[in-house]
J.: 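Once you've had a glance at the structure underneath, I'll fire off some questions.
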Amino acid sequence: MSSHNPLVSAPILTSIWRLSLPNMSAMLAVAGVSIAETAYIGRLGMSQLAGIALVFPMIMLQQMLSSGAIGGGISAAISRAIGAGDKAKANALVLHAAVIGLGLGLITSLIFLLWGRDIFALIGGARGAALDHAMDYANIAFSCAISVWLTNAFASALRGSGNMKTPASVLLWVAIGQICLGGILGLGLGPVPPFGMAGIAAGQALAFSAGALYLYRYLRRGQGGVWLAFSLDLKRDCFMDIVRVGAMAAISSVQTVATILILTRIVAEFGPEALAGYGIGTRLEFLLIPITFAIGMACVPLVGMAMGAGKVQRARQVAWTGAALAGTVVGVIGVLVALFPGSWSTLFTSNPAVLAVAGDYFSWTGPCYAFFGFGLCLYFASQGAGKLLGPVLAGTLRLVLVAGGGIVLLSQGASVASLFVLIGAAMLAYGVATGLAVYFVSWQRSDGCFPKQ
């Protein structure tokens with residue numbers, strides 16, 4: 001099978017770009033959801049905005065785990081099986097992916113339905129209306145966590161087969177549905193009364209439920225290159241092929257969210273203007289990360305199929321080519337915004353103090369975006385190879401630099417600009433460390449999943 005699969009022998013750069021474009025449109029739409037929901041909630045009131053600020057990190061973590069971490073493990077395992085010519089195993093992995101998604105979705109729901117209030121109180125909403133509003137949203141959103149996990153599990157299975165258009169199209173429609181339904185149910189329209197935070201969360205629940213159902217039927221018909229067939233013959237090796245990569249990748253997802261929470265807490269100590277300026281900067285990064293995600297997820301099946309076919313050198317070429325592409329695209333945007341920060345910042349505010357802080361942020365972090373995009377794409381490519389320890393340790397380095405350095409800067413009474421220097425340096429260190437890890441770690445050795453070249 002692998003000898004006839006075009007993804008094992010097609011030109012690398014054009015293949016990455018072709019597979020990236022559908023994902024890019026879908027991921028940008030997903031990023032647009034957070035902007036739309038913030039706008040809706042802003043019309044409800046300040047306490048509601050404070051409430052969603054407590055829930056958002058956990059919503060983002062769920063998406064990162066289900067799509068990027070476990071989802072990446074699913075794509076990598078299926079692509080390796082296809083590259084090795086084992087179509088039966090590829091199909092079996094789809095069922096195992098569904099079981100994992102179902103199980104983790106149930107666990108997610110139980111965690112937040114039972115202990116959600118304690119979790120959000122720990123984040124920072126220990127009392128007041130904000131915590132009540134956070135629970136209004138979370139009780140609806142996390143009660144349907146199975147839909148989110150299954151949608152991303154099914155989409156990842158299709159990506160592993162090299163089918164990027166179908167999951168991208170479905171996720172695009174899910175995002176559009178979430179925006180429309182969240183607005184109608186949250187704010188009200190015509191005969192539909194406004195349900196507030198619960199209504200906005202219901203938009204997510206309904207949209208992802210529809211997406212999961214559509215992808216389920218698509219895979220049951222076997223239209224996407226792999227097929228979802230039910231069987232009681234579940235195998236430990238198939239679960240481990242997915243979890244071995246997904247669990248390690250999950251550490252990186254937790255590190256990313258922890259970094260965001262720590263930085264937000266530290267920047268808040270410098271005052272509201274600093275926090276607002278920092279927020280403007282991170283808003284741009286929320287749009288740039290999907291670009292890197294799209295390119296990185298395109299690398300996963302290309303690397304995985306090459307590894308499955310025993311073409312280790314090609315797999316490494318895919319990783320470096322994808323990382324260079326991601327670093328270039330994101331880096332150009334970073335340099336432009338560093339030179340012309342007002343082109344982005346003035347979209348959100350005209351406050352001179354906030355604009356000055358945002359300008360400082362982009363001046364120090366913008367030139368480092370290329371390193372972050374480079375490292376993040378190598379992290380995704382490493383999922384396809386099953387060699388994630390180095391990229392995860394690079395993420396640990398970034399987290400330690402941000403947390404430790406931020407605490408030191410606060411204790412010394414440093415300026416907020418000094419913190420932005422630290423953030424940029426941490427991005428640079430992450431990119432360099434990830435690159436060195438991929439360069440020095442051999443992908444040749446077989447560990448039970450990959451054939452030797």
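Along the sequence shown, residues carry numbers from 1.
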J.: Under the criterion side chain to side chain contact (heavy atoms under 4.5 Å, CB included), I'd like the reasoning laid out for F380 against V303: C-alpha separation, chi angles, the key distance, then a yes or no.
T.: CA-CA 10 Å; F380 283 113; V303 170; over 6 Å; no
J.: Ignoring hydrogens and angles, tell me if any N or O in the side chain of S75 forms a donor-acceptor pair with the backbone of G72 under 3.5 Å.
T.: no
J.: Under 3.5 Å, is there a donor-acceptor pair between the side chain of N163 and the main chain of T166?
T.: yes
J.: Which residue is it: W364, Y361, F270? I am looking for the one with a ring pair (Phe, Tyr, Trp, His ring centres under 6.0 Å) to F420.
T.: Y361
J.: Could you tell me whether the side chain of T256 and the main chain of S252 form a donor-acceptor pair under 3.5 Å?
T.: yes
J.: For a side chain to side chain contact (heavy atoms under 4.5 Å, CB included) check, start with the C-alpha distance between L150 and Y216, then their side-chain angles and the critical distance, and finish with the verdict.
T.: CA-CA 9 Å; L150 285 178; Y216 164 79; over 6 Å; no
J.: Return yes if some donor-acceptor pair links the side-chain N/O of W344 with the main-chain N/O of I280 below 3.5 Å, else return no.
T.: yes
J.: Are the side chain of H133 and the backbone of L49 linked by a donor-acceptor contact shorter than 3.5 Å?
T.: no
J.: For the side chain of Y369 and the backbone of V332, is there at least one donor-acceptor N/O pair under 3.5 Å apart?
T.: no
J.: For V416 and Y278, run side chain to side chain contact (heavy atoms under 4.5 Å, CB included): C-alpha distance rounded to whole Å, both residues' side-chain angles, the deciding distance at 0.1 Å, then the answer.
T.: CA-CA 10 Å; V416 69; Y278 170 71; over 6 Å; no
J.: So which of L171, I291, L172, T292 actually passes side-chain contact (heavy atoms from CB on, under 4.5 Å) with M27?
T.: L171
J.: Assess whether atom CZ of R217 is packed by more than 12 heavy atoms of other residues, nucleotides or ligands within 6.0 Å.
T.: no
J.: Please table the atom pairs, donor to acceptor, closer than 3.5 Å between any side-chain atom in residues 192-212 and protein atoms at least two apart or in another chain.
T.:
{"from": "S209", "atom 1": "OG", "to": "S147", "atom 2": "OG", "distance (Å)": "2.9"}
{"from": "S209", "atom 1": "OG", "to": "A205", "atom 2": "O", "distance (Å)": "2.7"}

J.: Mind checking ring-ring contact (aromatic ring centres under 6.0 Å, His included) for F372 and listing every partner two or more places apart, or none if nothing turns up?
T.: Y430
J.: Would you please test Q48 and Y40 for side chain to side chain donor-acceptor pair (under 3.5 Å) and show each step?
T.: CA-CA 10 Å; Q48 285 88 345; Y40 299 154; over 6 Å; no
J.: Do any N or O atoms from the side chain of T434 and from the backbone of G431 form a donor-acceptor pair under 3.5 angstrom?
T.: no
J.: Between S418 and A414 (side chain of the first, backbone of the second, donor and acceptor by atom type, cut-off under 3.5 Å), is there such a pair?
T.: no
J.: Considering only NZ, NE, NH1 and NH2 on the basic side and carboxylate oxygens on the acidic side, decide whether K235 and D241 come within less than 4.0 Å.
T.: no
J.: Verify, without hydrogens or angle tests, whether S350 (side chain) and T346 (backbone) share a donor-acceptor contact under 3.5 angstrom.
T.: no
